[in-house]
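Below is one structure, written out as structure tokens, with a few remarks after it.
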Amino acid sequence: MAEGDLELVSAINELDDRSFLSLCFGPSVSIRTWLLNNAGRFQLRPSLLFTVFLGFTKDPYPYVRKAALDGLSGLGNTVLEDDTLIEGCYYRAIELLNDMEDCVRSAAIRVVITWGLMLAAHSPERKQHLSDEIFVNLCSMTRDMNMKVRVNAFDAIKRLEIVSEDLLLQSVSKRVLSIFKGKKSLVQCSTEQLEMLASDVAGTFVHGVEDEFYQVRRSACDALFNLTILSTKFAGEALSLLMDILNDDSVSVRLQALETLHHMAMSNCLKLQEVHMHMFLSALNDNDGHVRSALRKLLKLVKLPDLVTFQSSFYGLLESLESYPQDESDVLSVLFHMGQNHVNMVDSIIKDVFEQIDPTSEGKLGFDSVKVIAYIVLAISAPVLDNHTLRIPPRIFSYAATLLGRISHALGDIMDQSTVFAYLLQNSKHIGLSDLGFNPERAPCSPTSGSSVNDIPAIASLKMIPGMVHEQRQKDDDAIESIKTILLKVQDIWPLIQSGVLHEVLRTLRFCKETLGIFTYRTDKYNGALAFTLQYLKIMKLVAKVWNLMSSKHSCPCRIGEWGFLLGKLERGLKELRSRFIGFSKEEERHILELMLVTCTLRLSNGEVCCHLTTMRKLSIIASNIEHLLKEECKEPSTFVREVQRSLSNIGIITPKAPCSSPEFRELLKSFTLSHLEISEKLEHIKAELISDNDYEKPLYFVPGLPVGIPCRIILHNVPSERKLWFRITMDNMTSQFIFLDFLSLGGCDEVREFTYIVPFYRTPKASSFIARICIGLECWFENAEVNERRGGPKRDLAYICKEKEVYLSMIHKG
């Protein structure tokens, strides 16, 4: 009742210490429980709360005891100097580990770990003993009858920073080990008590990973995350347990086991042996793509002990690739990393198989086979980190150059396509394509052959070979021709979007993007056109995904959130496309407006009442803009635009009482066809560079509550003088303030302006340090200023023209 009455809520929030105590000690159990659960809402002294919570841990009602323990867990961050109070709270929680109620035992575990770690931090001389004691008590709870209690126990164990090696080894062995004999120093107790505690610890993790509930098994794997770095022997025993888990029925358990193994590899405590390889590599053929990806991520880091295990891993990856060809890029990336980590083993393998893969020596393997491509990627990886170019035959690098599309796509996380190609040419010792003994145009460039769009990367790559060797005389012509070809391909995929063949559409767009990557860093003349085309490809990818969801979201309500998220990205992308480029022809602007019209119609087809009126207004404004452009060009509207105009005229004045229904808007969309886009070669890209000499080691200093200036070097490209720029400064993912940038008064030409600017930040918090994120936004000139007006900020929505920059600030401390 109080939560529903604003006056009562206000009165409750103003409770003082006396009133709070009076209500707590009243006869009503429900009021007492509610007050303990909501004590953080009141301005009460921590010492009073501690006393109340500790006292009510002995309440006869279990939910009151649980609420009191939860309150003590919340007070764990409070600074208390009295070790006696901390110790009293800790040992009270230890007692409640034996409570009859499941919920109380779960809450007690959280108090034990929180206050136990606090007690250990206050007593450095007892830290080892206390950590061992906490570990023993938590291990005893991992065989509790209640599943949630067992999960909480393993979750708490993960938070321990130090545990004796003997206890750790006992936790992965079911029988009580002899190592405890004569080791009273381990835990300060008698021999009989020591043996009893050892039996509590015995087999903790063995039982955990064999538990009937996947939640417990997953939590047990997670608990091993940090403990494995405490002892080499324990890490070896834990590794055997985790290998068995890779066959678990639950995907989440298998993923958690791989995440723990990945952490072990990062900490250099993962020592794989030949006996582990069968179970380890079996995950490469897992039915779940996330599991396969996690294991491949692990193979990039792991150091294999000998050539036998290396070859096992190589053939395991090939077998996986044959079963799951869609994983090709990721598998090739793994092979490249493996080659970098095992140079001598790569050298040995390539020497043995070179004659089989060399087409000039009539190799036994087909040059376009997956196995040969894997060998080639493995071979070219070795010289990157070590000077082994004399060991690896230079001809292999020439072969790799003809497979540039596939290889560069796989190595995208390391280097761009231009860098890959330059590296291959450098190491090929100028062997020409005519010396290779085969027709390079037949060499595949993508995981899937047979589609015309797959020829684009190969043709573009081969065009670039003479261009790079002979100073790239035709690079600009190649770039604009590639852009025109790609835009034709984008128009061709529209029937696929309508048919719902999403996989093929995304694959085509991906290869179009790869082709543009060849030219992105190699032409100055058409940078604007290249940037526009890349953004256009992203928009078409979003259109395809939203269109695909339009038919499936009604049968799957959980995807409605994804629908709204993708539509939001699509709207922002189109807004940026229209704002961040200048030099549009009327036809290009009309093409973008029509896509914006489609986006509004897609949103209305969803039937969201909350945004119906706003979207209808946008639809009407965009339709009017298109009509105005058509009159200037003396052209007829497309079928889709004509249908939208007809629907708007039928509706008349837009009111919430007379909207079109969702099915009507879906019918409108059926009349839309993507027209061909002829891109202007004179497009200019509006962008900015924001440079700040600042990091966490060299922070800016500030005084809380007072303004601070953030010095930045700014470079603006192609920003027209009539456009308005704003700094946006955010903190804690919440917009903090906007600062207008009067760049006209700072000099420079229209194309490039470079200057230094002190950005004022007024809302410095009361914190010792914080991170502010700063970027530059451009007001969208076509937005209605009245609709989007912000007090003290931009009147229209912003299109951001640079990457967000993190600025580190630290409070000035008195000397």
request  = Compare all side-chain heavy atoms of Lys300 with those of Arg296 and state whether any distance is below 4.5 angstrom.
outcome  = no

ask   = Leu270 and Thr228: side-chain contact (heavy atoms from CB on, under 4.5 Å), yes or no, with the steps?
value = CA-CA 9 Å; Leu270 178 63; Thr228 52; over 6 Å; no

ask   = Considering residues, nucleotides and ligands other than Lys148, do more than 12 of their heavy atoms fall under 6.0 Å from its NZ?
value = no

ask   = Between Arg32 and Asp59, is there a side-chain N and carboxylate O pair less than 4.0 Å apart?
value = yes

ask   = Pick from Lys66, Arg65, Arg105, Arg92: which one makes a salt bridge (charged side-chain N to carboxylate O under 4.0 Å, His left out) with Asp99?
value = Arg65

Any donor-acceptor N or O pair under 3.5 Å, side chains Asn137, Glu133 = no

query = Stepwise, does the side-chain contact (heavy atoms from CB on, under 4.5 Å) test hold for Val112 with Ile109?
reply = CA-CA 5 Å; Val112 166; Ile109 287 172; 5.6 Å; no

ask   = How are the rings of Phe154 and Phe205 set to each other: parallel, tilted or perpendicular (split at 30° and 60°)?
value = tilted

request  = Tell me, with the steps shown, if Leu168 and Phe135 meet side-chain contact (heavy atoms from CB on, under 4.5 Å).
outcome  = CA-CA 9 Å; Leu168 289 174; Phe135 182 73; 4.2 Å; yes

Exam field: side chain Ser106 to backbone Cys103, donor-acceptor pair closer than 3.5 Å = no

message = Taking Asp330 first and then Lys297, would you say they form a salt bridge - that is, a charged N and a carboxylate O separated by under 4.0 Å?
response = no

inquiry  = Can you give me the closest heavy-atom contact between Ser381 and Leu378, atom names plus distance?
reply    = OG-O, 2.6 Å

key: Closest non-hydrogen atom pair, Ser320 against Asn285   = CA-OD1, 3.3 Å

query = So does Glu161 have more than 12 non-hydrogen atoms from other groups sitting under 6.0 Å from CD?
reply = no

ask   = Residues two or more places apart in sequence or in another chain: which of them pass side chain to side chain donor-acceptor pair (under 3.5 Å) with Asp244?
value = none

inquiry  = Any non-hydrogen side-chain atom of Leu304 less than 4.5 Å from a side-chain atom of Met338?
reply    = yes

ask   = Partners of Ser219 by side chain to side chain donor-acceptor pair (under 3.5 Å), sequence neighbours excluded?
value = Asp155

message = Has Thr142 got a side-chain atom pairing as donor or acceptor with Cys139's backbone, closer than 3.5 angstrom?
response = yes

task = Please step through side-chain contact (heavy atoms from CB on, under 4.5 Å) for the pair Phe234 and Val163, ending with a clear verdict.
result = CA-CA 11 Å; Phe234 176 71; Val163 180; over 6 Å; no

